[in-house]
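Here's the structure we're looking at; comments come further down.
Bear in mind the structure is a predicted one, so any value in this text is a computation, not a measurement. Proteins come first, then strands; the chains are lettered A, B, ... in the order of their sequence lines, and each starts at number 1.
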2 protein chains.
Amino acid sequence: MAASLDEVAARAGVSASTVSRALRDVPGVALRTRERVKAAAAEVGYVSNVSGSRLATGKTGTIAIVVPTAARWFFGQAIAGAGAVIRGAGLDVLLYELGDAAGRQRLFAEHGLRGRADAVLVLSLNLSGSETRLLQQLGVPVAVLGVGPASFSSVVVNDQLAAESALRHLINLGHEVIGLIGIDNGSDVTSGSVPPIARVAGYRAAVSSAGMSLDPDLEQLDENSAAGGAAAMTRLISGPVMPTAVFASSDEMAFGALHVLRSAGIRVPADMSIVGFDNHDFAAVVDLTTVDQNVLAQGQAAARLVLAALANPGAAPTTASVPTRLVIRRSTAPPQPLRRRLEATDTTQN
Amino acid sequence: MAASLDEVAARAGVSASTVSRALRDVPGVALRTRERVKAAAAEVGYVSNVSGSRLATGKTGTIAIVVPTAARWFFGQAIAGAGAVIRGAGLDVLLYELGDAAGRQRLFAEHGLRGRADAVLVLSLNLSGSETRLLQQLGVPVAVLGVGPASFSSVVVNDQLAAESALRHLINLGHEVIGLIGIDNGSDVTSGSVPPIARVAGYRAAVSSAGMSLDPDLEQLDENSAAGGAAAMTRLISGPVMPTAVFASSDEMAFGALHVLRSAGIRVPADMSIVGFDNHDFAAVVDLTTVDQNVLAQGQAAARLVLAALANPGAAPTTASVPTRLVIRRSTAPPQPLRRRLEATDTTQN
DNA sequence: CTGAAAGCGCTTACAG
DNA sequence: CTGAAAGCGCTTACAG
């Protein structure tokens, strides 16, 4: 059904070699010849057979994106960002979702990627030593989104500093008892490796340097989801010491936390301030003060890194850093004087 | 660097043909020979070169998923569902995000898909006649998620019936003035084709058959996002007639609407009931009554359809229907008696 | 600037 | 059950 190179050659009255060269715009073909060939190709609706050219060139024209799942906000954004850059460069994207531990094992152990892509982009996965080795054995450029092995280019965000700035905002507002809702990745492959530790470190650093003491009861970890955030906030507001402000390590967790506060009659920000992390699409809708990390831009940057490595195979791996910024909305305010807080609490208990 | 078929053949002391047959588990190879070949392949770490086999067989071992963007909840779910089924069948997924109108044009007009995949899965796109024709000319099975041309298999949801059931719930609760927040896709390619019209039709059918009259002021369309939902709800509560309940055509719109109600001091469900559509991950968190449409399952079903078409090329296109169900949460309740409503409104205005 | 030929790494009738 | 040979549709030195 599809026309072949030879048909175009016959129609244009040249050899297949010339057709090949003319159509790919490689230099060394007379302008008139090139035009004649292109016209002939258009007439028969010729489309180059990718399998043929891949075999001949050894290039697949494809970049693999490896991701825990496409079904979560963060990864959807990252895929979209990286995908746009990749397609902009004329390459295809092959999407590998790990799904679960078995899927992860399968992809890495069984050479699932071998020969299928010219480069691979790993999004937010804590790569094990053996996984890193398997990726290296692929013999193609690899870039990662998030902290990765030194042998790969990477795109990072300074999570600790970003968390510190969020905390400082709370501290400058006058808060003296600040809780943390942190991410506990557990063994869930789909949760990726949103650097939870760096954000906790930022919380602790800011709290300590403000002269406040760290209290384990004020640090509640849970799974990175609205439900996890709700559970963590429930523990905070029923714990031994009630914070006047909370830093949540992700917006999704903050959303769940906000809901618990609302159900409990605890007003935001009057009775409790809350800051998230992400600047998720819904953060603006619920007026959540949050740390913006432009995930789309991170995906784009990662794709550019891998494209650069493809263009310049010898180059050393580089690390690109995407800036974050605090977005102030209406979920943060100075703490209320104690009396008003108690009154508000009484009202709630009616 | 990678070992070739011939190396394995030499090592196992057989011909390349036999290696090829043995490794792919095609019948007609002596058991002992097969084992010897597999052992030799394992020893040299042989991995079949996909370009070579693709050219020889004409099969790519790949299914293309065409989607407006991976950066929206609905499509992330659908990609994950379809992807799991496709990978389960041992095939790769090639992801084509349209991005914008230009990207859409490029993919369809420039034979972007030709020869790259054994089948294509189109997720929620209103295909034009020429796009349909171009897909047919690909000569591979095509399946769509959502309403599509009769020549392709499709997975649908009965949007009208689902909307009607949501409305009936509101009507049975005693609501007599019910607003609609509908989806206005406009010209945004990334919004896909969530069948907005069918949901509006369901709203109208239920309202009419309950003996209530349709009022254009009660139908507010906007873009399918939290911001759009917020804008539409703002118009509803500042319009000539104040509804006691609202049906939102998507959960994202409902989230925005809920936020506006909260800001306005209109209590849900005491002063206003609201039903969404999707059963988005966050719906449970905000206690939103909604129509569950299992998008993951829709993606899986679409992938199964395309796999079936691949296995049985002659078969006629089929349509699979994924059931929806109303999930009752705490955003719906009977309307308050008029007096209490007025009191509540007064309080708000203080 | 152009063409004939070899080759990319497999698979598959065909023959034995 | 096994092997030699042709072929899948391109690209690319090489020669002219």
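- Across all strands, A:S53 comes closer than 4.0 Å only to sugar-phosphate atoms, never to a base (heavy-atom distances).
- Of the possible polar contacts, none joining the A:R54 side chain to the A:K59 backbone as a donor-acceptor pair under 3.5 Å is found.
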Note to self: Pair B:L98, B:V67 - check side chain to side chain contact (heavy atoms under 4.5 Å, CB included), show working.
What the structure shows: CA-CA 6 Å; B:L98 266 20; B:V67 76; over 6 Å; no
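- Of the N and O atoms on the side chains of B:S20 and B:S17, not one donor lies less than 3.5 Å from an acceptor on the other residue.
- Contact between B:V8 and B:V37 at its shortest, heavy atoms only, is CG1-O, 3.9 Å.
- Here B:E97 pairs with A:R87 under the side chain to side chain donor-acceptor pair (under 3.5 Å) rule; sequence neighbours left out.
- Spacing of P atoms, C:dT2 relative to C:dA6, comes out at 23 Å, to the nearest Å.
- Sequence order on DNA chain D of the closest nucleotides to B:T18 and A:T18 puts B:T18 first from the 5' end.
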Next item on the list: Evaluate side-chain hydrogen bond (donor to acceptor under 3.5 Å, both in side chains) for A:D92 paired with A:T62, printing each intermediate quantity in order.
Entry: CA-CA 5 Å; A:D92 283 338; A:T62 301; 4.7 Å; no
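- Going from atom CZ of B:R116 over to atom OG1 of A:T60 covers 10.0 Å, rounded to the nearest 0.5 Å.
- Within 4.0 Å of A:R21, counting heavy atoms only, lies at least one base atom of the nucleic acid.
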Checklist line | Dot-bracket line, read 5' to 3' along DNA chain C, where crossing pairs take [ ] and | marks a partner on another strand, Watson-Crick or G-U under 3.5 Å | finding: |||.||||||||.|||
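- Nucleotides D:dA5 and D:dC1 have their P atoms positioned 23 Å apart, rounded to a whole Å.
- Read 5' to 3', the first and last nucleotides of DNA chain D with an atom closer than 4.0 Å to a heavy atom of chain B are D:dC1 to D:dG9.
- Toward the 5′ end of DNA chain D lies the nearest nucleotide of B:A16, the other residue of the pair B:A16 and B:G52 mapping further downstream.
- With a 4.5 Å cut-off on side-chain heavy atoms, B:L95 and B:I79 count as touching.
- Note on A:D25 versus A:K38: salt bridge recorded, some NZ/NE/NH1/NH2 to OD/OE distance being below 4.0 Å.
- Heavy atoms of B:V50 sit nowhere under 4.0 angstrom from any nucleic acid atom.
- Spacing between C:dA15 and C:dT11 at atom P, rounded to whole Å, works out to 22 Å.
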